[in-house]
Amino acid sequence: DAKTTQPPSMDCAEGRAANLPCNHSTISGNEYVYWYRQIHSQGPQYIIHGLKNNETNEMASLIITEDRKSSTLILPHATLRDTAVYYCIVRVRNAGNNRKLIWGLGTSLAVNP
Amino acid sequence: SAVISQKPSRDICQRGTSLTIQCQVDSQVTMMFWYRQQPGQSLTLIATANQGSEATYESGFVIDKFPISRPNLTFSTLTVSNMSPEDSSIYLCSSEGLGYNEQFFGPGTRLTVL
């Protein structure tokens with residue numbers, strides 16, 4: 001079962017910031033939050049991940065609330081090429097102690113000209 | 001980052017047959033994963049494949065239906081056996097190397113079973 005909930009779809013104007021929310025209220029203390037995106041007909045692409053602190057890289061910023069029950073992915077200047085399904089994911093350990101990504105349904109982001 | 005290729009990119013198969021999907025990584029990795037993505041759906045993990053050991057299957061997936069090989073640190077195969085139309089999906093391979101915190105994905109194999 002997915003450990004995250006996201007809005008099914010969002011729109012954003014080109015050049016503006018896209019803020020994608022995610023709820024993960026049942027996350028455990030040692031479980032990371034990951035964000036991936038999937039452009040139509042391609043494999044998922046890693047964006048960013050974090051545990052407690054806010055994170056920033058060349059693609060995006062990740063803001064995690066202090067209680068870790070929710071997070072927001074920020075694309076600072078969205079372009080048309082950012083149109084994709086964005087997945088907020090919790091990384092857990094499975095029965096074999098292997099790391100495992102639990103995928104939710106994602107948010108379909110449409111960036112409009 | 002790792003670059004992953006998959007073969008075939010797509011195939012159309014008859015029910016009752018089997019298809020083997022190949023996954024090649026351009027560097028040595030510790031863990032490889034096989035996912036299924038049904039039309040319009042999210043990704044579901046089928047199994048985790050570590051080199052030198054048997055694959056670990058997720059609930060709802062069994063070795064007889066989805067046998068996996070992992071002969072070395074850069075290659076894995078997934079076989080979809082005795083296929084039915086319900087097996088029509090995109091099958092994705094990913095890898096996670098030692099010291100990496102992220103998984104890198106292949107482009108996927110689009111399978112249609114008639």
Side-chain angles (χ1 to χ4, degrees), chain A residues 1-9 20 22 24 30-53 55 57-60 62 64 73 84-109, chain B residues 1-7 9-10 21 23-25 29-51 53-61 68 70 89-111:
Chain A
D1 291 335
K3 298 190 73 170
T4 59
T5 56
Q6 300 174 252
S9 63
L20 291 89
C22 178
H24 32 78
N30 60 350
E31 294 174 345
Y32 282 74
V33 177
Y34 278 70
W35 284 81
Y36 279 76
R37 72 181 183 184
Q38 188 173 29
I39 297 170
H40 183 61
S41 297
Q42 297 182 20
Q45 177 189 20
Y46 166 80
I47 300 174
I48 199 167
H49 74 279
L51 182 63
K52 297 179 182 178
N53 300 322
E55 302 288 344
N57 62 20
E58 64 278 5
M59 289 184 68
L62 174 60
I64 303 174
L73 179 75
V85 177
Y86 286 78
Y87 292 98
C88 172
I89 298 157
V90 172
R91 192 187 77 183
V92 304
R93 293 274 180 177
N94 66 10
N97 203 35
N98 291 320
R99 297 187 289 199
K100 171 183 172 180
L101 300 178
I102 306 294
W103 297 71
L105 297 178
T107 295
S108 179
L109 174 68
Chain B
S1 66
V3 177
I4 301 175
S5 59
Q6 288 185 231
K7 289 181 181 179
S9 59
R10 58 178 63 230
I21 302 168
C23 178
Q24 180 74 54
V25 189
V29 292
T30 51
M31 299 176 68
M32 297 181 74
F33 305 86
W34 287 98
Y35 289 85
R36 182 174 73 183
Q37 186 173 27
Q38 295 182 306
Q41 301 296 313
S42 183
L43 278 71
T44 300
L45 181 64
I46 297 172
T48 302
N50 293 331
Q51 194 270 337
S53 62
E54 286 199 5
T56 302
Y57 289 82
E58 296 297 310
S59 176
F61 298 96
I68 288 171
R70 181 78 198 275
S89 280
I90 298 172
Y91 291 86
L92 292 147
C93 167
S94 73
S95 72
E96 184 178 298
L98 190 64
Y100 288 122
N101 284 310
E102 60 265 34
Q103 290 184 22
F104 300 99
F105 283 81
T109 295
R110 185 180 296 271
L111 171 63

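Chain letters run A, B, ... following the sequence lines, proteins first and then strands; every chain starts at 1. Just so you know, these numbers come straight off a predicted model, no measurement behind them.
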B:Tyr57: partners by ring-ring contact (aromatic ring centres under 6.0 Å, His included), with sequence neighbours left out: none

Go through the atoms of B:Leu43 and report whether side chain, backbone, both or neither lie under 4.5 Å from a heavy atom of chain A. both

Does the ring center of A:Trp103 lie less than 6.0 Å from the ring center of B:Phe105? yes

Among all residues two or more places apart in sequence or in another chain, which pass the salt bridge (Lys or Arg N to Asp or Glu O under 4.0 Å) test with B:Glu58? A:Lys100

Any pair with a residue in residues 33-44 of chain B that passes salt bridge (charged side-chain N to carboxylate O under 4.0 Å, His left out), sequence neighbours left out, goes on the list, sorted by first then second residue, please. none

Which heavy atom of A:Gly43 sits nearest a heavy atom of B:Leu92, and at what distance? CA-CD2, 4.0 Å

Which atoms form the tightest heavy-atom contact between B:Gln37 and A:Tyr87, and what is the distance? NE2-OH, 3.5 Å

Contact list (residues 31-39 of chain A to chain B, heavy-atom gap under 4.5 Å, by number) returns A:Tyr34, A:Tyr36, A:Gln38

